[in-house]
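Inspection log for the structure reproduced underneath, given as structure tokens.
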Amino acid sequence: AQSVAQPEDQVNVAEGNPLTVKCTYSVSGNPYLFWYVQYPNRGLQFLLKYITGDNLVKGSYGFEAEFNKSQTSFHLKKPSALVSDSALYFCAVRDKGSSNTGKLIFGQGTTLQVKP
Amino acid sequence: KAGVTQTPRYLIKTRGQQVTLSCSPISGHRSVSWYQQTPGQGLQFLFEYFSETQRNKGNFPGRFSGRQFSNSRSEMNVSTLELGDSALYLCASSSGLGQGANEQFFGPGTRLTVL
């Protein structure tokens, strides 16, 4: 069965410092991996995705993520955090073998708090 | 391009009633997926429609149903509401093609409260 784990309920970081939000996944085949962000009372906004190729993926708002197949991880990173980055972040996976389905499996979410 | 729209944004119902939620996808998108978001269970997949056909279904009781129209707009219906159905219901659209590599674009959600 496919699953996604985000081991930290909350990550606290000072503004200007680098941030990392962790994600590990489990799928039977090769994965498609996604990061989304949710601000209060809003839907999810797409940040970036890994499909194939370069393990370092760059996305919106200065975020990037590193795919590590051996560790089955897809950690979200940003070199310098902003207070406005404070939000709820979701990692999601889709099995390539799912063949055209839109279904995403989400992690439980990590709240990112960036303090001034 | 306009984003995914969901109506209504907020809904209050009582136990035993039924409710219909509506979603209009991004123009040109043919796939619409529905998710339930609760503090306890997180984001859970309900079902996906593509070209008016249900393509995938999550592990929810039969009280939850949906449909898609020829213009790709989708509705989901929950009958005999229970307190545990209180949640944020999110709709997401994508082109539906490309072997699953496409990201989904989410609407703002409908907040359903069951009293």
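In what follows, every chain begins at residue 1, and chains take the letters A, B, ... in the order their sequences are listed.
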Query raised in the report: Does B/Asn59 CG have over 12 foreign heavy atoms under 6.0 Å away?
Result: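 Open.
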Structural part of [X] lying under 4.5 Å from a heavy atom of chain A:
X: B/Leu90; result: side chain
X: B/Tyr35; result: side chain
X: B/Leu46; result: neither

Query raised in the report: With chain A, which of B/Arg111, B/Gln37, B/Arg9 has the greatest number of heavy-atom pairs at distances under 4.5 Å?
Result: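 Option with the top pair count is B/Gln37.
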Report task. Treating Ile, Leu, Val, Met, Phe, Trp and Tyr as nodes and any side-chain heavy-atom pair under 4.5 angstrom as an edge, say whether A/Val37 and A/Phe74 lie in one connected cluster. Result ->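 Cluster IDs for A/Val37 and A/Phe74 match.
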Report task. Check the hydrophobic clustering (I, L, V, M, F, W, Y; side-chain heavy atoms under 4.5 Å; chains of links allowed) and say if B/Phe47 and B/Leu88 are grouped together. Result ->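 Shared cluster, no.
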Query raised in the report: Taking only residues two or more places apart in sequence or in another chain, which ones pass ring-ring contact (aromatic ring centres under 6.0 Å, His included) with B/Phe105?
Result: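 Counting only residues at least two positions away or on another chain, B/Phe105 forms a ring-ring contact (aromatic ring centres under 6.0 Å, His included) with B/His29.
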Query - Side chain, backbone, both or neither of A/Leu104 within contact of chain B (heavy atoms, under 4.5 Å) - result: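 Answer is both: backbone and side chain atoms of A/Leu104 are under 4.5 Å from chain B.
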Query raised in the report: With a 4.5 angstrom heavy-atom cut-off, which part of A/Gln38 approaches chain B: side chain, backbone, both or neither?
Result: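 For A/Gln38, the contact with chain B is made by the side chain alone.
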Report task. Sequence neighbours left out, what pairs pass disulfide bond (SG atoms under 2.5 Å apart) with at least one residue falling in residues 44-83 of chain A? Result ->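 Those involving residues 44-83 of chain A do not exist here.
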